[in-house]
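As structure tokens, the structure follows; a few thoughts come after it.
The figures that follow rest on heavy atoms only: side chains count, while hydrogens, waters and symmetry mates do not. Proteins come first, then strands; the chains are lettered A, B, ... in the order of their sequence lines, and each starts at number 1.
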There are 2 protein chains.
Amino acid sequence: MFVRTPADLGAVIRDRRKQLKLDQAAFAKRIGVSRYWVILIERGHPRAELSLVLRALDALDIQLDAGVRETDRRRPRGVDIDAIVAKAKGGKS
Amino acid sequence: MFVRTPADLGAVIRDRRKQLKLDQAAFAKRIGVSRYWVILIERGHPRAELSLVLRALDALDIQLDAGVRETDRRRPRGVDIDAIVAKAKGGKS
DNA sequence: TGCTATTGTCAGCGATCGCTGACATATGTT
DNA sequence: AACATATGTCAGCGATCGCTGACAATAGCA
């Protein structure tokens with residue numbers, strides 16, 4: 001599953017927690033956080049702190065893979081648009 | 001690249017930002033954040049706020065994929081350890 | 001229906017966020 | 001060296017974090 005919003009993350013966490021048959025209290029204790037925090041996260045709290053989120057994922061054996069999004073493959077490989085533009089930097093404005 | 005710590009994330013972000021030839025100021029403006037924030041993130045700030053991080057990744061076209069970590073493949077497929085343990089719940093302790 | 005486990009809600013608190021904006025330190029180019 | 005660009009540092013500020021702990025609401029089961 002791809003994670004683009006805090007809500008996505010909340011869903012991933014909640015699903016996996018249930019999969020592992022952990023209740024909020026047990027889960028919270030495992031990652032060293034309050035149960036309240038778990039509730040907020042699963043609800044999609046946008047301002048949660050990064051390290052806690054990462055610890056939560058780790059505790060659930062969820063791996064985060066960060067990769068470049070390859071939406072369009074219109075251009076042949078080996079062509080660096082930026083480089084071309086830079087070379088022709090007549091009006092950089 | 002796998003992201004397990006704030007430092008990992010900082011590295012991913014910094015590398016990609018340079019790949020796109022953005023300086024901190026331009027990058028910060030693009031995601032609606034201060035340049036100071038960018039510096040902290042790239043340094044691996046553990047308490048950064050989630051939504052800003054996600055926006056940063058999005059702005060860099062970095063996709064976050066969350067999947068269950070499959071470290072050991074010792075057991076044949078179809079065997080659910082949890083279920084077995086549950087079934088034999090003589091001493092659940 | 002009762003009983004239990006689980007989940008959701010809240011106020012008040014200390015701690016820390018992210019911002020600004022000016023200055024210091026690289027880094028690179030001529 | 002001189003200059004321009006990029007990156008790193010900091011103090012003070014308002015805003016919000018995550019915690020506690022007790023209670024309310026919901027779900028599951030007999």
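- B:A48 comes within 4.0 angstrom of the backbone, heavy atoms only, and of no base.
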If a protein heavy atom is under 4.0 Å from the base, mark B; if only from the sugar-phosphate, S; if neither, -; do that for nucleotides 25-30 of chain D going 5' to 3'. ------
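- One atom, CG of B:L50, and another, C1' of C:dC17, lie 14 Å apart when rounded to the nearest Å.
- Closest approach of A:L22 to A:R17, counting heavy atoms only: O-NH1, 2.8 Å.
- The two residues B:P6 and A:L54 make their nearest non-hydrogen contact at N-CD1, 3.5 Å.
- Phosphate proximity of C:dT7 to A:R17: present, with a side-chain N or O under 4.0 Å from OP1 or OP2.
- A:E49 places its CD atom 10 Å from the C1' atom of C:dC17, with the value rounded to the nearest Å.
- In terms of phosphate contacts, B:R14 brings a side-chain nitrogen or oxygen within less than 4.0 Å of OP1 or OP2 of D:dG8.
- A salt bridge links A:R69 with B:D58: at least one charged nitrogen is closer than 4.0 Å to a carboxylate oxygen.
- For the segment residues 33-40 of chain A, residues with any heavy atom less than 4.0 angstrom from an atom of DNA chain D are, sorted by number, A:V33, A:S34, A:Y36, A:W37.
- Not a single donor-acceptor pair under 3.5 Å links the side chain of B:R47 to the backbone N or O of A:E49.
- The NZ-P distance, from A:K29 to C:dT7, rounds to 15 Å in whole Å.
- Atom CD1 of A:I41 and atom CZ of A:R14 lie 12.5 Å apart (nearest 0.5 Å).
- Under the 4.5 Å side-chain heavy-atom criterion for Ile, Leu, Val, Met, Phe, Trp and Tyr, A:I13 and A:L40 are members of distinct hydrophobic clusters.
- When each of C:dG8, C:dT6, C:dG18 is scored by its nearest atom to the side-chain atoms of A:Q24, the top-ranked nucleotide is C:dG8.
- Two residues, A:P46 and B:K18, neighbour DNA chain D, and the one matched to the more 5' nucleotide by heavy-atom proximity is B:K18.
- A distance-only check finds a donor-acceptor pair linking the side chain of B:D8 to the backbone of B:T5 [under 3.5 Å].
- Between A:H45 and D:dT16, a side-chain N or O to OP1/OP2 separation shorter than 4.0 Å is absent.
- The CZ-P distance, from B:F27 to D:dT7, rounds to 12 Å in whole Å.
- Across every non-hydrogen atom of B:G32 and B:R55, the tightest pair is O-NH2, 3.5 Å.
- Atom CG in B:D23 sits roughly 16 Å away from atom P in C:dT27 (whole-Å rounding).
- In this structure, the CG atom of A:L52 is 12 Å from the P atom of C:dC17, given to the nearest Å.
- Across every non-hydrogen atom of A:A59 and A:R30, the tightest pair is O-NH1, 3.5 Å.
- Straight-line distance from the CG atom of B:L22 to the P atom of D:dA6: 11 Å, rounded to whole Å.
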